[in-house]
Amino acid sequence: MSALKAALIGKNISQSLSPRVHEEIFSIIAPRVSSGFTSIDYALNDCDERCNFADALKKARTNGVKGLNVTIPYKADAYTLSEEHFGMAAAIESANTISFSDTSVAFSTDGEGLLNSLLREYPEFNLEKYHLVSIGAGDTARAVLYSLCTRWMPKTLTIVNRTIEHAEDLANFCVAQAPGPTVQVMALDEFITKYAEPRYRMIVQATPVGNSSNPGNLLEGFAWSELDFALDLTYRPLETALLAAAKDAGAKTMNGLGMLIEQAALAQHYWLTGVLPERSPLSEEEYQRIKLRLTNELS
Ligand code: NAP
């Protein structure tokens, strides 16, 4: 009997759904890939102000942890402190996953996880008819924009953020990924008042505002229309105030639960096999089964 040792490391993670998600995924993937592991032992490693992230990484490795998921505020550190960088992590210089073997390998599954879930929920989706907007300019916004803009060329890209310098940094990164869309940066107030004309807009909410421990709606008063597609990376609650307002106006909406499942499935597949698959390792039926169980738990 051998358990796959894995953990989530981040700040304020006591409510995380990751252990549940990884248990569900393990029961599906591990037997299929003949991993030799008979169970998963997934821990929550809360690393607050008193915690040194580099030390926490070393400790996890010494304790036999095979796979780590990394969340706020350590994704950039996870990249820097790892010995090898795999796939898009090297481009975005940030990682949400580490695998320990002879070396520590950092990679990022947030962007591809989002893409996989988006195409499951909306198989005909094509970003090329949309003006893409990111509310937020953090590590996850970077990963998501990289994956979306590598797959499609949106009509334009607008980065809206509380701290304009961070939005400008992300805009410079996106421009450097040429060929790409025209990129502009806006403050939240300016966006709400000046970006009101109805058109095909895909608006990705990539900040913690709106989740159950940080309620609110950064786009309060925004003129949504039925042409919009609102994507909120939050999944607790399943419908944030922002998504509710978009839905009331007839917009397409999607929360972050599918992304949570898909990014975890990619990470765990790598821990078990050493291979990051090009597509989701979950069938449609498996994905829907996990999603339904988690939705019932969150409702
Ligand atoms: P991050 O790197 O810390 O970035 C946070 C972003 O939110 C920054 O742009 C920050 O603006 C902004 N922000 C934070 N508090 C704010 C406030 N009170 N008002 C306005 N803006 C605020 O975090 P991240 O890794 O990008 O994660 C962002 C969100 O995505 C989180 O809620 C996370 O839970 C979610 N997420 C979901 C999944 C999933 O699987 N569904 C996966 C990853 C992340 P400043 O630049 O001004 O600080």
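Here the structure is a predicted model, which means the values were calculated and not measured. Remember, it's 1-based here, ligands and their atoms both numbered in the order they're listed.
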Taking atom CG of D102 as the centre, does the number of heavy atoms from other residues, nucleotides or ligands within less than 6.0 Å exceed 12? no
Please list the nearest protein heavy atom to atom 4 (O) of ligand 1 with its residue and the distance rounded to 0.1 Å. G138 CA, 3.3 Å
Per-residue contact class, R142 against ligand 1 - non-hydrogen pairs under 4.0 Å: neither
Within the supplied structure, the quantity of interest is the number of heavy atoms (other residues, nucleotides, ligands) at a distance under 6.0 Å from D189 CG; does it exceed 12? no
Regarding D110 and S108, do their side chains bring together a donor and an acceptor under 3.5 Å, going by distance alone? no
Heavy-atom nearest neighbour in the protein, as seen from atom 26 (O) of ligand 1, with distance rounded to 0.1 Å: T140 N, 2.9 Å
Just to be sure I read this right, does ligand 1 sit under 4.0 Å from the backbone of A206, its side chain, both, or neither, counting only heavy atoms? backbone
Going by the 4.0 angstrom heavy-atom rule, the piece of T207 near ligand 1 is both
If you scan protein heavy atoms around atom 47 (O) of ligand 1, the nearest is T163 OG1, 2.5 Å
Testing the 3.5 Å rule here: is there a donor-acceptor pair between the side chains of Y287 and E121? yes
Is it true that Y200 and F229 have ring centroids separated by less than 6.0 Å? no
What is the nearest protein non-hydrogen atom to atom 3 (O) of ligand 1, stated with its residue, atom name and distance? I72 CG2, 3.8 Å
Tell me, yes or no, whether the heavy-atom count around E285 atom CD, taken from other residues, nucleotides or ligands under 6.0 Å, exceeds 12. yes
For atom 16 (C) of ligand 1, grab the closest protein heavy atom and report residue, atom and distance to one decimal in Å. R162 NH1, 3.3 Å
Would you mind telling me if ligand 1 is within reach of the side chain of M259, the backbone, both or neither, using heavy atoms under 4.0 Å? both
Any idea which part of L257 is under 4.0 Å from ligand 1, heavy-atom wise: side chain, backbone, both or neither? neither
Identity of the nearest option to atom 20 (C) of ligand 1, non-hydrogen atoms only, from N96, L218, V21, I261: L218
For D110, which part has a heavy atom under 4.0 Å from ligand 1: side chain, backbone, both, or neither? side chain
Is it the case that over 12 heavy atoms from other parts of the model lie below 6.0 angstrom from the CZ atom of F173? yes
If we set the cut-off at 4.0 Å for heavy atoms, which region of N161 has an atom near ligand 1: side chain, backbone, both, or neither? side chain
